[in-house]
Participant: 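Before anything else, here's the structure in question.
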There are 2 protein chains.
Amino acid sequence: MEKSAKEGYGKVLGRLEQEILDVLWKSGPLNGKEIFSDIRRKRDLALTTVLTVIERLAKKGLVRKTRGESVYLFEAAYSRDGFAREVSQEVLKSIFDISRSGACASFVDMLARVDPVELEELSSMIEKKKKELERARG
Amino acid sequence: MEKSAKEGYGKVLGRLEQEILDVLWKSGPLNGKEIFSDIRRKRDLALTTVLTVIERLAKKGLVRKTRGESVYLFEAAYSRDGFAREVSQEVLKSIFDISRSGACASFVDMLARVDPVELEELSSMIEKKKKELERARG
DNA sequence: TTGACATTCTACGTATTGTCGAATATATTT
DNA sequence: AAATATATTCGACAATACGTAGAATGTCAA
C-alpha cells in the first residue's frame, strides 16, 4: 500500500487549511492579515491565497467570521479537541464499516507508537464508558 | 459541522471504488464482467465505467490483476482487515496530529455506540499492548 | 477626493472520482 | 483466414476539492 507516500488515504484537510486552523487554535481570534503573517513566517504565499482559504473554511463552517472594529476577525468554530472528535467520528465510522477489528487493532497500535502513555488514558475512558453503559441498562 | 451531510471529511475511497472492493472481498477473484454484473444488480452503470475504476484500483495497488484463461481476473490485494488496518493507520495519524485525546474520546464513543461488546476486546488489546511495551523495556 | 488598506471575485492549475463511448486487441466461430 | 463476438484500453468530459493569486471593488480616514 505504497500510495501513502504520496498523500495518504483519509486526509482530513488540505495543507493550508490545516495550517490556518492551527494558527487559530494557537492564538485566539485574528484578522486576515495576522493569520497571513503567521503562516508567512514559514512559507511564501500571497495574502489573497490565505484569505481565500480562510473564506472557504468559513463557508465550510469551520471558521467563524465576525466583524471587529474596521476589520473582520476569524476564529476556529470548534476547539481542537472538538474538531478531532467530530472528524474522528466520521472517519472511524467509515473505517468501522470496512472492518471493526481491523480498526481497533490499528488504533491501539497507533496509539502505542505515538503516545504510549495515552494508553492509560484510553483504558480509563473505556472503563468509564463501560460503567456508563451498565448504569444506563441497570 | 454540517458538511458531513454532503460527503464527509476523511472519506477513504470513492463510492464505486468501495463497492468494487466489497464485491471482491465477498467473492474471490472475479473477472471484470462478473464484478460489473454484481454491481449492476444495484445500480445502472456502463460496463466500461466499472472496468475503468477497477483499473484505477489496480494502479493504486489495491487490486491485483492476473491473467486467467482468456480473461483477466481481479482480486483484492489486501484483506478487508488488513486494508482497514492500513488505512486507519494513516487516517488516525492525521487525526492524532490534531488532537490525541479528542480522537481517543471519539473512538471510545463510537465503539460503544456501534458495538459495545467490542469494548471488552479493546480493553484486552490495550492490556496486551501494555505488557508488550513493558517487556520491550524491561 | 484621494490614497491606503480590507475584502471579494474570478480564474487557473492540479488531483481525484465518476462516468462513458470509441478504438483497439483478442478470442471464437464459421 | 475472414467474420463476428468479446475483452481491454484510451481518451474525454463533468464535478469537486484544494492551492494559488491577480484584478476588481469596497471602506475609511486624512
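By convention in this document, chain letters (A, B, ...) are assigned in the order of the sequence lines, proteins followed by strands, and residues within each chain are numbered from 1. What's counted below: heavy atoms across the whole structure, side chains too, no hydrogens, waters or symmetry copies.
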Participant: Given C/dA6, C/dT8, C/dG18, identify the nucleotide with an atom nearest to the side chain of A/Leu51.
Facilitator: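 The closest nucleotide is C/dT8.
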Participant: For D/dT16, does OP1 or OP2 lie under 4.0 Å from any side-chain N or O of A/Lys60?
Facilitator: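 It does not, given that no N or O in the side chain of A/Lys60 lies less than 4.0 Å from OP1 or OP2 of D/dT16.
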Participant: In whole Å, I'd like the distance from the CZ atom of A/Arg43 to the C1' atom of D/dT20.
Facilitator: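 Computing the A/Arg43:CZ to D/dT20:C1' distance gives 10 Å.
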Participant: Can you tell me the distance, in whole Å, between the CG atom of A/Asn31 and the P atom of C/dA6?
Facilitator: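 Those two atoms, CG and P, are 7 Å apart.
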Participant: Could you tell me how the ring of A/Trp25 sits relative to the ring of A/Phe83: parallel (under 30°), tilted (30 to 60°) or perpendicular (over 60°)?
Facilitator: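 The arrangement is tilted - the two ring planes meet at 30° to 60°.
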Participant: Let me know the distance between CG of A/Leu13 and P of D/dA17, rounded to the nearest Å.
Facilitator: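 Between P of D/dA17 and CG of A/Leu13: 13 Å.
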Participant: Rounded to the Å, how far apart are B/Gln18 CD and C/dT17 P?
Facilitator: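 B/Gln18 atom CD is separated from C/dT17 atom P by 12 Å.
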Participant: For residues B/Gly32 and B/Ile54, report the shortest heavy-atom separation together with the two atoms involved.
Facilitator: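 In terms of heavy atoms, the two residues are closest at CA-CD1, 4.3 Å.
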Participant: D/dT9 P sits how many Å from B/Ile54 CD1, rounded?
Facilitator: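 From B/Ile54 CD1 to D/dT9 P: 11 Å.
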Participant: Which nucleotide, C/dT19, D/dA21, D/dT8, lies nearest any side-chain atom of B/Lys65?
Facilitator: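 In terms of side-chain proximity for B/Lys65, the closest of C/dT19, D/dA21, D/dT8 is D/dT8.
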Participant: Consider the side chain of A/Leu45, meaning its heavy atoms from C-beta on, and name the nucleotide among D/dA21, C/dT7, D/dC18 that approaches it most closely.
Facilitator: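 Selected nucleotide: D/dA21.
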Participant: Calculate the interatomic distance between B/Glu55 atom CD and C/dG18 atom P; express it in whole Å.
Facilitator: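 Checked: the CD to P distance equals 15 Å.
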Participant: Across the strands shown, which category fits A/Arg15 at heavy-atom distances under 4.0 angstrom: base, sugar-phosphate, nothing?
Facilitator: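 Counting heavy atoms under 4.0 Å across all strands, the contact made by A/Arg15 is with sugar-phosphate only.
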Participant: Write down the distance between CG (A/Leu73) and C1' (C/dA6), rounded to a whole number of angstrom.
Facilitator: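 Spelled out: CG on A/Leu73 to C1' on C/dA6 is 12 Å.
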Participant: Pick one: which of B/Ile20, B/Ile35, B/Val63 meets side chain to side chain contact (heavy atoms under 4.5 Å, CB included) with B/Val53?
Facilitator: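 The option that passes is B/Ile20.
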Participant: Which nucleotide sits closest to the side chain of A/Leu16: C/dT19, D/dG19, D/dT8?
Facilitator: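 Side chain of A/Leu16 sits closest to D/dG19.
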Participant: Can you tell me if the side-chain N/O atoms of A/Thr49 get under 4.0 Å from OP1 or OP2 in D/dA21?
Facilitator: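 The answer is yes; a side-chain N or O of A/Thr49 sits under 4.0 Å from OP1 or OP2.
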Participant: Could you tell me how far apart A/Glu17 (CD) and D/dT16 (C1') are, to the nearest whole angstrom?
Facilitator: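 Going from A/Glu17 (CD) to D/dT16 (C1'), I get 13 Å.
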Participant: Measure from NZ or CZ of B/Arg64 to the centre of the six-membered ring of B/Phe74, then state whether that distance is under 6.0 Å and the direction lies within 45° of the axis.
Facilitator: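 Not satisfied by the 6.0 Å and 45° rule.
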Participant: Could you pick out which residue, A/Thr48 or B/Gly14, lies toward the 5' side of DNA chain C when each is mapped onto its nearest nucleotide?
Facilitator: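 This one resolves to A/Thr48.
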Participant: Determine the contact category for B/Ser70: base if any of its heavy atoms lies under 4.0 Å from a base atom, sugar-phosphate if only primed atoms, P, OP1 or OP2 are that close, otherwise nothing.
Facilitator: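 Since only primed, P, OP1 and OP2 atoms lie under 4.0 Å of B/Ser70, the category is sugar-phosphate.
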Participant: Hey, does the side-chain of A/Arg56 have a donor or acceptor N/O within less than 3.5 Å of a partner on the base of D/dG19?
Facilitator: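 Result: at least one qualifying N/O pair found.
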Participant: Using a strict cut-off of less than 4.0 Å between a Lys/Arg side-chain nitrogen and an Asp/Glu carboxylate oxygen, indicate whether B/Lys60 and B/Glu17 qualify as a salt bridge.
Facilitator: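 B/Glu17 and B/Lys60: salt-bridged.
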Participant: Base, sugar-phosphate alone, or nothing: which one does A/Arg67 contact when heavy atoms must sit under 4.0 Å apart?
Facilitator: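 Nothing, no nucleic acid heavy atom in range.
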Participant: Any heavy-atom pair between the side chains of A/Leu45 and A/Leu16 that's under 4.5 Å?
Facilitator: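 Yes, side chains in contact.
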Participant: Out of C/dT7, C/dT19, C/dA6, which nucleotide sits closest to the side chain of A/Lys33?
Facilitator: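 That would be C/dA6.
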Participant: Just compare D/dT9, D/dG11, D/dT20 and give me whichever is closest to any side-chain atom of B/Tyr72.
Facilitator: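 Within the option list, the nearest is D/dT9.
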